[in-house]
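To start, the structure under review is shown below, and the notes come after it.
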Amino acid sequence: MKRKQFKAESKKLLDLMINSIYTNKEIFLRELISNASDAIDKLNYRALTDKNLKVDRDNFKITISIDKDNRKLVISDNGCGMTEEELETNLGTIAKSGSLDFKNLNKNEKDLNIIGQFGVGFYSAFMVSDEIKVESKSADEDAAHTWISSGADGYSIGASDKDLVGTTITLTIKEDNEDATYSEFLDKNKIKQIIKKYSDYIRYPIMIDDEVINSMVPLWKKNKNEITNEEYQNFYHEKFFDYEDSIKTIHSFVEGKCNYHTLLYIPGHAPFDFYTKEYEKGLELYSNGVLIMDKCADLLPDYFSFVKGLVDSNDLSLNISRELLQQDKQLQLIAKNIEKKIKNELEDMLENDRENYEKFFKAFGMQLKFGIYNNYGINKDTLKDLLIFYSSKNKKMITLKEYVDNLVEGQDKIYYACGETIDKIDLLPQVEKIKDKYDVLYLTDYTDEFTVQALAEYDGKVLVNVCTDNVDVESEEEKENIKRENETYKDLLSEMKEALKNEVEDVKFTNRLKSHPVCLTTEGFVSMEMEKVLSVMPNENKVKAKVIMEINDSHPITEKLKKLKGDELKNYSKILYAQARLIEGLTIENPTEISSLICDIMAK
Ligand code: ADP
């Protein structure tokens, strides 16, 4: 036997593998099975082009055997095998293309995740083995060879008496220690489980004791019209752990620069942890039927993070030694197409299956809204047509497009109001009058206002909060009248303002209210609803809305007010302001004071 040293960079990776704290040690089996499958592919292909090469196609298989007593796990294939030279170059050197920069690879969990994600092939077997023996006979060479290594200090190559073409890899599984129970890799059921998990769709049979473990044809590679909805849903339940059916199944095969199959599902409800930091988005990523990543986050934009499913492409490599960048580019291309596909399917559902869309929106609408205002609104054009809001006129959810398609004569704005529930918004004083004339969108998610502010306009129509004071719906005459009224009672109003000087910026009469006596409006960027949201955030400096108290000019209380002065006017002002806050769903800071003021009046 000849003793040899590993090339420098191989040594580093080996060291990393042998001392790996990587939790997914089981992936070594996926790697070895993939190699075996590739080797059979190669031989199969060569036999197609070289008539002198005789192969038994029906007998192609990967065989696994376990010898518990001697801690041996054996993976055998009847693929192309390796010559002495190939054993040396393929297994003596890693990163043949030299593209991977091991300088930056350190022994921490994050880097090891990279390993798990891209696959490291053969070397990963050192995570679980004290020694690896490879016996191989190439279709091109009469003699067979043995390659043996116990790790970083090198390997030996010598003769072997293997007589069939192919490769047999014998792992001597490590003893258990505090960190890991390696013995599980000598357990037949565990091995079966790992095969099912990662290699179910390998095209050749994977055998243990004459039993075929893998199913060989993945659902997503079957023809759409051969698959029943029940099959799709069973697969979904099993694979993505949802007890409910998905709302939408998207199955497609894309041909082009990069060929791939996708099978995507839109769930009917949000997972319990969906709106938490714990939730991990991502699609399963397969390379030619072999699972290479559980949750490939790069395949989904954040705003579609609810989508479950998988991508399988023959154009992606498991191989870490390939250009990672190039791989990234392909992934990016797939991700772009997937995004478009999901968007189209959602639009289609919105158009043709509104009931289901509303169900979808209830579960995940918030995520789309985040998507609109995240990253400075960069994605708002992608997402704006997927939004639906409750409409006061239609008494159901409508899109922004549906809103602007039905503007009334002279209307050039989109009106909305915010509050906790549809019912509460419907009762807001500012909404009461304007909704007779215009459709008003009712926004009930706490993030809605941020979303609307990020949008700013739709189809050239500005979005206007009816609870802020820049709503301009009165006629010129009405405007004149109220201006005069405010002028006439200037002194009265400033006395009221003085009584509320820490609470409001201004007090004025309005003709925008119908039956309510009073309301609060805001000036500037921060609205009452936003103040509510922002005030529960752990912030040192509380953000305050610039509040204006508006009094209904045609309400009987106004006549009364005009006759009051001094303390009485002051007390009435305080009660009115407290009322306005309560209507807005805000708390009052001085409930006992207000309560006794009311009692005083009642007792009179
Ligand atoms: P890769 O990601 O390229 O498969 P590996 O380290 O797993 O990297 O394997 C290196 C090379 O060794 C493979 O590209 C292949 O040429 C060869 N090889 C590995 N396993 C086998 C096998 N079972 N039969 C034939 N060749 C193999």
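Quick caveat, the model's predicted, so the values are computed rather than measured. Just so you know, ligand 1 is whichever comes first in the structure, and atom 1 is the first atom listed for that ligand.
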>> Between D179 and K174 (salt bridge meaning N to carboxylate O under 4.0 Å), is one present in this structure?
In response: no
>> When you compare the side chain of R30 with that of I194, does any pair of heavy atoms fall below 4.5 Å?
In response: no
> Are any of the N/O atoms in N35 less than 3.5 Å from those in ligand 1?
Replying inline: yes
>> Can you tell me how the ring of Y232 sits relative to the ring of H251, calling it parallel under 30°, perpendicular over 60° and tilted otherwise?
In response: perpendicular
> With only distance considered, is F122 within less than 3.5 Å of ligand 1 through an N or O on each side?
Replying inline: yes
> Would you say E31 touches ligand 1, if touching means a heavy atom closer than 4.0 Å?
Replying inline: no
> Does the N or O separation between D77 and ligand 1 drop below 3.5 Å for any pair?
Replying inline: yes
> Just heavy atoms, cut-off under 4.0 Å: does L32 contact ligand 1 by side chain, backbone, both, or neither?
Replying inline: neither
> Can E244 and K359 be counted as an ion pair, charged N to O under 4.0 angstrom?
Replying inline: yes
>> Under 4.0 Å from a heavy atom of K42: which atoms of ligand 1 are those, numbered in the order shown and with their elements?
In response: 16 (O)
>> Could you work out, for atom 22 (C) of ligand 1, the closest of I75, N90, N78, T167 by heavy-atom distance?
In response: T167
> Would you call D242-K308 a salt bridge at under 4.0 Å N-O?
Replying inline: no
> Out of Y243, F274, F360, F306, which residue meets the ring pair (Phe, Tyr, Trp, His ring centres under 6.0 Å) rule with H269?
Replying inline: Y243
